[in-house]
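Structure, as structure tokens:
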Amino acid sequence: ALFSREAELAKVSRELVALRSDLVSARSDLTGAKSDLTKAQAKAASSARAAKHASTARERAEARAVERTEEVEAARKRASHNEAEAKGARARAHAAEAEAASARKEANVARKGAEAARKEAVALGERA
């Protein structure tokens, strides 16, 4: 009976040693898992920050593109307006040139009329 008790105690002792070994191994696994989790969380946070920065940069680039488009459109409108003004100025210049030519013709006609009247006055004066 004593022998069977010692054998049972030895068996329980071996099981206890095996359980302790399993516990140490499980603790080691748990520590490794915690470390992996911490690393994964840090990577996720870093990725989230990078994604937010990229999104912000994209939004800024889009806003700049909209601003540049508006600036180009405004410049195009100004150029079109300036072109219209230049066209109007050219038309006014042509009209002024035509008016000046007409005034020169009238002046020539008036000068010729005055010369004819002077000649006629001289001729009348000689007759008298």
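From a predicted model like this one, the values you see are computed outputs, not experimental measurements.
The residues Glu62 and Arg58 are annotated as salt-bridged, a charged nitrogen and a carboxylate oxygen being separated by less than 4.0 angstrom.
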Requested in this report: For Arg64 and Glu67, run salt bridge (charged side-chain N to carboxylate O under 4.0 Å, His left out): C-alpha distance rounded to whole Å, both residues' side-chain angles, the deciding distance at 0.1 Å, then the answer.
Outcome: CA-CA 5 Å; Arg64 279 195 305 272; Glu67 286 175 14; over 6 Å; no
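Here side-chain hydrogen bond (donor to acceptor under 3.5 Å, both in side chains) pairs that include residues 81-101, with residues two or more places apart or in two chains, are His81-Glu85. Residues in residues 110-125 take part in these side-chain hydrogen bond (donor to acceptor under 3.5 Å, both in side chains) pairs, two or more places apart or across chains: Asn108-Arg111.
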Can you list, pair by pair, the side-chain donor-acceptor contacts under 3.5 Å of residues 7-32, counting residues two or more places apart and other chains?
from, atom 1, to, atom 2, distance (Å)
Thr31, OG1, Arg27, O, 3.0

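In this structure, Thr56 contributes its side chain and Lys52 its backbone to a donor-acceptor pair below 3.5 Å. Proximity of a side-chain donor or acceptor of Thr38 to a complementary backbone N or O of Lys34 within less than 3.5 Å is detected.
Side chains of Arg76 and Ser80 form no contact here, defined as non-hydrogen atoms less than 4.5 Å apart.
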